[in-house]
Amino acid sequence: MYSVGILSMHRIFNYGSFLQGYGLRQLIGDLAPRSSIEFLDYRPGAPLVASDDGNARGLVRIRKKLAGYGKVEARLADKIRFFNHKRTYAKRYFPLLGLSPTPNLNYKVDLQIIGSDEVFNCVQANANVGYSRDLFGHDSPAKRLISYAGSFGNTTLEKLRKYGLTKELSEDFARFADISVRDENSRHIIHELTGREPSVNVDPVLAYDYINECSHIPLARIHSRPYMIVYGYAGRFTSEENAAIRSYAKDKGYEILCIGGIQECCDRFVDCTPFEVLALFRDAEAIVTDTFHGSIFSIINEKKFLTVIRRSHGEGYGNEEKLQYLLNSLALGDRGSYSASTASLHEVLSSSIDYGPTRDRLSEARRQARAYLSRNLEGTQGHA
């Protein structure tokens, strides 16, 4: 028996964060049934970038976010369901990951795996993460340290140089026995910092075959009427995008179900379990999302979808680095658009998708993911 600790973003109230953590744990359990697996937590660091809310943390940040959600032009019933979803998320879903009530900072494990998710995105304003060197394995007492499909998000090499982080991050990454990232921006940064060529592996929601292996996904249809899904953070779709989505849905006769966050275009906000999310995506007529995992949920269910890509502006939020790479790597580059206009919705969602090339690439990506994890688990077992 040897111990494996996964250091990730699993305490974020987000379906993608849950499912990537659950998927990685399942993969490790399948490959190393004699291992004990637990999730590890990080200590937030001071943010390198100032935010409009003064880099608020904890309850202060929650209150500010709730106030922002309240400004979204959605029905009162949907707002109540959404607030209840956020209020009860930890109680309902953290136990499914086996998370302790308090942060687990016991890094004395045989193998520490950092990732997946944006664990390396250190030039950001979110004070619940900030620049935490725990996420780079700094001073970790683990016997073996690796990453799996880690991402720098919209942190670029230029930003790391601007804040003088290249030397200390190079030193931290030198401690890693193996490095795995999930996108080209992250691969480039690791190569420039270390001279090493990291493995590029898919996110655990792609690596673990949820559709064929997860028994928690409901088989029965959850919603009876024809519907489309809008999946994104609350209020992030613009008024113009919401109007276009509503027009498209009316033209097609679809009800609009919003998952993950409330939007102006909602017919109904759905509060559901992470596994029910995958069932709802499976039975949807179409999906519009501007998130990484929303795109993945669409892909593994082989649905018609449009991914709205948000450009990075300075040090503000942007997801083009990871989203464009994701779509291109799975032969789905034409599913991305920089806006959810009426024209793009009709053009992208009306066109069929040949998922054959995507299946082939995903099959190879899953083989590579298992091979990467296997060799590191076997290396750990030999020294445990």
Side-chain angles (χ1 to χ4, degrees), residues 7-18 20-21 40-66 68-69 103 114-138 147 149-170 172-173 179 181-190 192-193 203 232-236 260-261 290-295 308-326:
L7 180 60
S8 188
M9 317 294 249
H10 43 268
R11 290 189 190 267
I12 297 174
F13 296 176
N14 177 282
Y15 291 127
S17 298
F18 176 97
Q20 64 85 19
L40 307 176
D41 294 289
Y42 59 88
R43 291 159 293 194
L48 299 175
V49 180
S51 68
D52 294 337
D53 64 6
N55 300 118
R57 284 187 60 192
L59 289 175
V60 175
R61 187 168 191 268
I62 291 173
R63 291 192 190 101
K64 288 180 178 291
K65 288 182 75 70
L66 289 175
Y69 298 150
I114 298 178
S116 180
D117 233 327
E118 293 188 14
V119 287
F120 302 144
N121 190 1
C122 54
V123 181
Q124 61 166 293
N126 185 350
N128 287 334
V129 183
Y131 173 39
S132 172
R133 295 194 72 180
D134 289 344
L135 292 168
F136 296 91
H138 184 68
S147 68
S151 176
F152 279 87
N154 65 339
T155 289
T156 61
L157 186 61
E158 289 69 28
K159 292 178 182 179
L160 295 179
R161 288 171 174 160
K162 175 181 177 179
Y163 287 92
L165 302 180
T166 56
K167 183 177 184 296
E168 57 194 53
L169 290 187
S170 296
D172 285 343
F173 279 118
I179 303 175
V181 297
R182 74 180 189 193
D183 54 71
E184 174 58 27
N185 176 56
S186 302
R187 185 210 64 79
H188 172 69
I189 291 173
I190 294 295
E192 291 298 312
L193 291 180
D203 183 272
Y233 292 100
R236 201 160 72 182
D290 68 345
T291 75
F292 183 81
H293 283 111
S295 302
V308 181
I309 299 171
R310 306 300 184 187
R311 295 185 188 276
S312 297
H313 296 286
E315 291 168 350
Y317 174 80
N319 59 21
E320 60 185 330
E321 290 86 358
K322 61 181 181 180
L323 270 182
Q324 196 63 68
Y325 179 81
L326 170 72

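What you see is a predicted model, and the numbers here were worked out from it, not measured in a lab. For reference, positions follow the sequence shown, starting with 1.
- The shortest distance between side-chain heavy atoms of Asn14 and Tyr233 falls below 4.5 Å.
- Between Val308 and Leu323, the shortest heavy-atom contact is O-CD1, 4.0 Å.
- Using a 4.5 Å cut-off on side-chain heavy atoms (C-beta onward), Arg182 and Phe292 make contact.
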Next item on the list: Check the pair Phe136, Tyr42 against side chain to side chain contact (heavy atoms under 4.5 Å, CB included), reporting the backbone distance first and the verdict last.
Entry: CA-CA 10 Å; Phe136 296 91; Tyr42 59 88; over 6 Å; no
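- The shortest distance between side-chain heavy atoms of Asp41 and His10 falls below 4.5 Å.
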Checklist line | Steps toward side chain to side chain donor-acceptor pair (under 3.5 Å) verdict (Ser151, Asp183) | finding: CA-CA 7 Å; Ser151 176; Asp183 54 71; 2.8 Å; yes
Check: After noting the C-alpha distance and the side-chain angles of Ile189 and Leu169, does the key distance pass the side chain to side chain contact (heavy atoms under 4.5 Å, CB included) rule?
Finding: CA-CA 10 Å; Ile189 291 173; Leu169 290 187; over 6 Å; no
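- Rounding to the nearest 0.5 Å places CD of Gln20 at 8.5 Å from CD1 of Ile12.
- Proximity of a side-chain donor or acceptor of Ser170 to a complementary backbone N or O of Leu193 within less than 3.5 Å is detected.
- Of the residues Arg161, Glu168, Lys167, Lys162, the one that meets the side chain to side chain contact (heavy atoms under 4.5 Å, CB included) test with Leu165 is Glu168.
- For the atom pair CG of Asp203 and NE2 of His293, the computed distance is 3.5 Å after rounding to the nearest 0.5 Å.
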Margin query: Please determine whether side chain to side chain contact (heavy atoms under 4.5 Å, CB included) holds for the pair Asn185 and Tyr325, giving the CA-CA distance in whole Å, both sets of side-chain angles, and the decisive distance to 0.1 Å.
Written below: CA-CA 9 Å; Asn185 176 56; Tyr325 179 81; over 6 Å; no
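- For the pair Ser8 (side chain) and Ser116 (backbone), a donor-acceptor distance under 3.5 Å is present.
- Remark: side-chain polar atoms of Arg236 are not paired, donor with acceptor, to backbone N or O of Gly261 under 3.5 angstrom.
- Between Asp117 and Ser17, some side-chain heavy-atom pair lies under the 4.5 Å cut-off.
- Taken from OG1 in Thr291 to CZ in Arg310, the straight-line distance is 10.5 Å, to the nearest 0.5 Å.
- When side chains are defined from C-beta on, Val49 counts as touching Tyr163, because their heavy atoms get closer than 4.5 Å.
- A 4.5 Å side-chain heavy-atom check between Val123 and Phe152 finds every atom pair outside the cut-off.
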Next item on the list: Could you please spell out the steps behind the side chain to side chain contact (heavy atoms under 4.5 Å, CB included) verdict for Ser147 and Val119?
Entry: CA-CA 9 Å; Ser147 68; Val119 287; over 6 Å; no
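- Nearest heavy-atom pair, Ile190 versus Val181, reported as atom, atom and distance to 0.1 Å: CG1-CG1, 3.9 Å.
- Two residues are said to be in side-chain contact when any heavy atoms from C-beta on lie closer than 4.5 Å; Lys159 and Asn154 meet this criterion.
- Glu118 places none of its side-chain heavy atoms less than 4.5 Å from the side chain of Gln124.
- Under a 3.5 Å cut-off, the side chain of Ser132 and the backbone N or O of Arg43 do form a donor-acceptor pair.
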